[in-house]
*Asks:* 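My questions all concern the structure below.
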Protein chains: 2
Amino acid sequence: MSTQNKISVYIVEDYLLTRITYKKSFQNYSDINIVNDFESAEGCINALEKQPVDVILMDLGLPYMTGIEATKIIHRKYPNIKIIILTSHENDDEVLSSLASGANAYALKDIDIKKLYNLICTVNEGSIWIDPRITKVVQKTFYKAEPKEKEDFHLTLREKEVLDLLVQGFSNTEIADKLTVSPCTAKAHVCKILNKLSVTDRVQAAVKATKYDL
Amino acid sequence: MSTQNKISVYIVEDYLLTRITYKKSFQNYSDINIVNDFESAEGCINALEKQPVDVILMDLGLPYMTGIEATKIIHRKYPNIKIIILTSHENDDEVLSSLASGANAYALKDIDIKKLYNLICTVNEGSIWIDPRITKVVQKTFYKAEPKEKEDFHLTLREKEVLDLLVQGFSNTEIADKLTVSPCTAKAHVCKILNKLSVTDRVQAAVKATKYDL
DNA sequence: AGGGCTATTATCCACTTGGATAATAAATAG
DNA sequence: CTATTTATTATCCAAGTGGATAATAGCCCT
């Protein structure tokens, strides 16, 4: 990412004092170069056009555009720029939205400077890092998103086709039309599907198919 | 976690040479104490009963019990033990399963010792860390898991109740029974739900409800 | 060649469904 | 106090649904 030795950094933070504090703190770290700091996301996004950086420290609660929206935009336009969310917000939704927007790290503001320095180095290499205090939400997300052990209901290819149409809300007749078979055939397929999925009606079949991603 | 100064570590890795290499490498790091190493997950799990550690380096491809299963078991039994998956596997499902199992980090084996040392310190504090080469999968997961902007279909409380039963596959009559109202009432609710969700039948309503988590 | 699975088609029947339409009472909001 | 919304009930009707049961043809494997 960085062609020089120094890691170039922008700070986006609406509170002046905080910006100054960070800037001063990093004067002791020779390989961190705080190129500029902004009180709004818009300012930062404009500046990136002329001078991209390696890493951005991004607050969440900003005037006008939020840190999450900004992260989304910057990540889309400059996929190589690493964004560290640096905030006091511990709201679960904000954590997840931030990471979904492409941030590489989520840190709470009381992080000490040495750790923040290490964090900047870490994300500059492309890693993802999550503050100890918010790992639970993140792990819960991983748990929910875990590739399910794809329960196998032994549906045939044809049945999967039918189930797919069923889930889209088509009636047996419509399914038959789409597959150019007789309505009786479609109906027979549906009946077999209901049996195989151990449900008694197509609504439950559709829900089960959606849940298990069949 | 660690009451002493040193971070205590177990290594689980079926290849003897690799274990030896790691052990030797960490002799230079005074605050890392490789307490023991195991060629199988079972050995590690047994040892934990007598002597827990702060951090475990866990391979994935192990004989008998896989690293993922072991991680799941250890994380459940000792939530404070931090597990670093250290493997050559770059398979997306294994990455996600590992993190879902409670691992705090996923690193690829060619990581250099200094970084691995930093990583051990980082996860010992409770952070989550993801290797740069597998961030894409993880970010994609965050993106998919992002709290959807909860499209609002202006369903009334009663309608949500009805929709809930509908999704479970109950017929209008059954819904009416459950809510102790007349079948006509249940039917009227369903009709209104279909209109509000802009769908023409209950299957689509159920699917939409499931997708949008109504 | 024969056994098992799949896809296809079919019929009967009681029950369910969705659309259209509307009336009433209760609660809520302005 | 009045307008709006919600919950309740109802009816008609054409269409769709699910269960049970079964026959036929094609395919793959042994």
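Chain identifiers are assigned alphabetically (A, B, ...) following the order of the sequence lines, protein sequences preceding nucleic acid strands; residue numbering begins at 1 within each chain. Scope of the values below: all heavy atoms of this structure, side chains included, with no hydrogens, waters or symmetry mates.
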*Asks:* Does B:T156 have a side-chain nitrogen or oxygen under 4.0 Å from the phosphate oxygens OP1 or OP2 of D:dA7?
*Replies:* yes

*Asks:* When you measure from the side chain of B:E174 to the backbone N and O of B:S171, does any donor-acceptor pair fall under 3.5 Å?
*Replies:* yes

*Asks:* As a test of reading the structure: which of D:dA10, D:dT17, D:dT8 is closest to the side chain of B:H189, going by heavy atoms?
*Replies:* D:dT8

*Asks:* Please tell me which of B:L157 and B:P183 maps to the more 5' nucleotide of DNA chain D, matching each residue to the nucleotide holding its nearest heavy atom.
*Replies:* B:L157

*Asks:* Mind calculating the distance between CG (B:D177) and P (D:dT9) to the nearest angstrom?
*Replies:* 12 Å

*Asks:* B:E159 has an atom CD; how far is it from atom P of D:dT5, in whole Å?
*Replies:* 13 Å

*Asks:* Just how far, in rounded Å, is C1' of D:dG16 from CD1 of A:I175?
*Replies:* 12 Å

*Asks:* In whole angstroms, how far is the P atom of C:dC15 from the CD atom of B:E174?
*Replies:* 14 Å

*Asks:* Rounded to the nearest Å, what distance is computed from the CG atom of residue B:L179 to the P atom of nucleotide D:dT6?
*Replies:* 17 Å

*Asks:* Would you indicate which nucleotide in C:dT8, D:dG18, C:dG19 comes nearest to any side-chain atom of B:T200?
*Replies:* C:dG19

*Asks:* Give a yes-or-no answer on whether the side chains of B:Q168 and B:D164 include a donor-acceptor pair shorter than 3.5 Å.
*Replies:* yes

*Asks:* Check this one for me: any side-chain N or O of B:T173 less than 4.0 Å away from OP1 or OP2 of C:dC15?
*Replies:* no

*Asks:* Strictly by modelled atom types, are A:E159 and A:H189 linked by a side-chain donor-acceptor pair under 3.5 Å?
*Replies:* no

*Asks:* Calculate the interatomic distance between B:K192 atom NZ and D:dA7 atom P; express it in whole Å.
*Replies:* 7 Å

*Asks:* Just by modelled atom types, is the B:S8 backbone N or O under 3.5 Å from a matching donor or acceptor in the B:D54 side chain?
*Replies:* yes

*Asks:* Figure out the CZ/P separation between A:R202 and C:dG18, and round it to whole Å.
*Replies:* 11 Å

*Asks:* Within this structure, what is the NZ-to-P distance between B:K187 and C:dC15, rounded to whole angstrom?
*Replies:* 16 Å

*Asks:* Return whichever of A:H154 or A:A188 has its heavy-atom-nearest nucleotide of DNA chain C closer to the 5' end.
*Replies:* A:H154

*Asks:* Taking for each residue the nucleotide of DNA chain C with the nearest heavy atom, is it A:K196 or A:T180 whose nucleotide lies nearer the 5' end?
*Replies:* A:K196

*Asks:* Cut-off 3.5 Å, side chains only: do A:W129 and B:S127 have a donor facing an acceptor?
*Replies:* yes

*Asks:* What nucleic acid atoms does B:S182 come within less than 4.0 Å of, heavy atoms only: base, sugar-phosphate, or nothing?
*Replies:* sugar-phosphate

*Asks:* Hey, is the side chain of A:N172 poking within less than 4.0 Å of OP1 or OP2 on D:dT17, counting only N and O atoms?
*Replies:* yes

*Asks:* Looking only at the side chain of B:C184 (C-beta and beyond, no hydrogens), which of the listed nucleotides D:dG18, D:dT17, D:dT9 gets closest?
*Replies:* D:dT9

